[in-house]
Amino acid sequence: MAKIVFGVATSHSPQLSTPVDKQHLHAERDKGKKRTHYRGGFYSYDELVEMNKHRDLLPEVTEEKWQENFNQWEQRIVEVQEQLLAAKPDIAIVIGDDQWEIFQDDGMPAFSIFWGENIEVIPKEKLMPSMEPSRWANFGERREAYACHPELGKHIIEKTIAAGFDVAQLTRQAEGRGIGHSFIFTRRRIMKEEMQIPMVPVMINTYFPPNQPTVGRCYAFGKALKQAIESWDSDLRVAVIASGGMSHFVVDEELDRLLLKALQTKDEQLLAAIREDHLHEGTSEVRNWIVAAGALEHLNMEVIDYIPAYRTVAGTGCGMGFASWK
């Protein structure tokens, strides 16, 4: 039977791959947004500043601090790469979300699995100025294809359907729609060049109401994913990779630390304490981590690092998380 030998979860924010002298572009974008989600509500930038005026965030939003954060997460990404390489997987199950990339209003499934031969990167012609510096890591510089694993993908679909999950399936992309940045980041930043193994893309609708799966449903789907992989008649080694999160576009350290504790201790009751109305916009991507944790519950989770990366005194930014399961 196939064996899950390693797991990893990382943030994939474009901020991770933006040079420090361009980080201010993310802050400018935050300031220009008409509304930003935070803990169940939507607020203007000025309202967020008022909410955070009791906190001294000025030291967190200097270029010196941004450089410190950048150096720290670059080191963590290297550690993740080395751990993944050392695990020697033959296949990667990559769990990510789709943000108007392959799926749009003509169909947005809660869970979907791609089981074609290859999945293609189709770079966007134009990105926002804050996103352009990270194009290489998140959005693609050229049209290219990533090898997938149709046999395992089909098997997982069949077994998770049998386990009670209505999983959408696809073997090709609609014209002009490329694979999402969850998967590009994984290939470009988490896998080393010498590890171009096939992947099975598992896409969770974390972002778009009204059919986002609940925290409990995500963890249960992860367990079904584990059972499906381990029932596959093969001796291949499998890695499970979650791409996305943590809290953004307002950093919520309390939520991030609660999630990390719940996943590390395998405490489903603590996990259930996370409020669904807090999981919108970028913070919604923690659902990818939760699915991975369900699939990896037989392994021990190590929190490699957590870096609250603030961009403005309004508390905007991204909680950068890195974890592995061995």
Extract all donor-acceptor atom pairs below 3.5 Å that involve side chains of residues 104-111 and protein atoms in other chains or at least two apart in sequence.
| residue | atom | partner | partner atom | Å |
| --- | --- | --- | --- | --- |
| Asp106 | OD1 | Arg177 | NH1 | 3.3 |
| Asp106 | OD2 | Arg177 | NH1 | 3.4 |
| Asp106 | OD2 | Arg177 | NH2 | 2.7 |

Would you tabulate the side-chain donor-acceptor contacts of residues 192-205 under 3.5 Å, counting partners in other chains and residues two or more places apart, or write 'none'?
| residue | atom | partner | partner atom | Å |
| --- | --- | --- | --- | --- |
| Gln196 | OE1 | Arg187 | NE | 3.4 |
| Gln196 | OE1 | Arg187 | NH1 | 2.9 |
| Gln196 | NE2 | Lys192 | O | 3.1 |
| Gln196 | NE2 | Glu193 | O | 3.3 |
| Asn205 | OD1 | Phe208 | N | 3.1 |
| Asn205 | ND2 | Phe208 | O | 2.9 |
| Asn205 | ND2 | Asn211 | OD1 | 2.7 |

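- For the residue pair Glu101 and His181, a side-chain donor N or O sits within less than 3.5 Å of a side-chain acceptor on the partner.
- Under the side chain to side chain contact (heavy atoms under 4.5 Å, CB included) criterion, Arg172 pairs with no residue at all, not counting sequence neighbours.
- In this structure, Lys33 satisfies the cation-pi test against Phe249, with its NZ or CZ atom closer than 6.0 Å to the six-membered ring centre and inside 45 degrees of the ring normal.
- Judged purely by distance below 3.5 Å, without hydrogens or angles, the side chains of Arg189 and Ser17 pair a donor atom with an acceptor atom.
- Within a 6.0 Å radius of CG in Asp233, other residues, nucleotides and ligands contribute 12 heavy atoms or fewer.
- A side-chain donor-acceptor contact under 3.5 Å links Arg29 and Ser130.
- Annotation: side chain of Phe6 is not in contact with side chain of Pro89 (no heavy-atom distance under 4.5 Å).
- No side-chain donor-acceptor contact under 3.5 Å links Thr312 and Asp30.
- By the 4.0 Å N-to-carboxylate-O rule, Arg39 lies close enough to Asp252 to be salt-bridged with it.
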Quick one, Asp97 with Arg287, criterion salt bridge (charged side-chain N to carboxylate O under 4.0 Å, His left out). Give me CA distance, side-chain angles, the key distance, then yes/no. CA-CA 9 Å; Asp97 56 305; Arg287 291 183 173 94; over 6 Å; no

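- For the residue pair His12/Glu285, the side-chain donor-acceptor check at 3.5 Å is satisfied.
- Using a 4.5 Å heavy-atom threshold, the side chains of Ile184 and Asn138 count as separate.
- A continuous path of Ile, Leu, Val, Met, Phe, Trp and Tyr side chains, each step under 4.5 Å between heavy atoms, connects Val291 with Trp115, placing both in one hydrophobic cluster.
- The shortest side-chain heavy-atom distance between Leu271 and Tyr219 falls under the 4.5 Å cut-off.
- In this view, Lys3 satisfies the side chain to side chain donor-acceptor pair (under 3.5 Å) rule with no residue, not counting sequence neighbours.
- Using modelled atom types and a 3.5 Å distance limit, the side chains of Asn71 and Gln75 yield no donor-acceptor pair.
- Other residues, nucleotides and ligands contribute at most 12 non-hydrogen atoms within 6.0 Å of the CD atom of Glu254.
- Residues meeting the salt bridge (charged side-chain N to carboxylate O under 4.0 Å, His left out) test with Glu297, sequence neighbours left out: none.
- With a 4.5 Å cut-off on side-chain heavy atoms, Lys326 and Met301 do not count as touching.
- Side-chain contact annotation: Glu47 with Tyr38, donor-acceptor N/O pair under 3.5 Å absent.
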Criterion salt bridge (charged side-chain N to carboxylate O under 4.0 Å, His left out) on Glu79 and Arg76, from CA distance to verdict: CA-CA 5 Å; Glu79 289 177 21; Arg76 299 314 184 204; 2.8 Å; yes

Please evaluate residues Gln72 and Met320 with respect to the criterion side-chain contact (heavy atoms from CB on, under 4.5 Å), reporting the C-alpha separation (whole Å), side-chain torsions for both, the decisive distance (0.1 Å), and the verdict. CA-CA 10 Å; Gln72 188 172 343; Met320 305 298 188; over 6 Å; no

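- Of the candidates Leu236, Ile113, Ile93, Ile157, Leu152 forms a side chain to side chain contact (heavy atoms under 4.5 Å, CB included) with just one, namely Ile93.
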Name the atoms and distances for all side-chain donor-acceptor pairs under 3.5 Å in residues 222-229, with sequence neighbours left out.
| residue | atom | partner | partner atom | Å |
| --- | --- | --- | --- | --- |
| Lys223 | NZ | Glu268 | OE2 | 3.0 |
| Lys226 | NZ | Glu230 | OE1 | 3.1 |

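- Leu296 places a side-chain heavy atom less than 4.5 Å from the side chain of Leu299.
- Within 6.0 Å of the CZ atom in Arg35, the count of heavy atoms belonging to other residues, nucleotides or ligands does not exceed 12.
- Of the listed residues (Gln23, His26, Glu132), just one forms a side chain to side chain donor-acceptor pair (under 3.5 Å) with Thr18, and that residue is His26.
- Defined by atom type and a distance below 3.5 Å, a donor-acceptor pair is missing between the side-chain atoms of His155 and Glu151.
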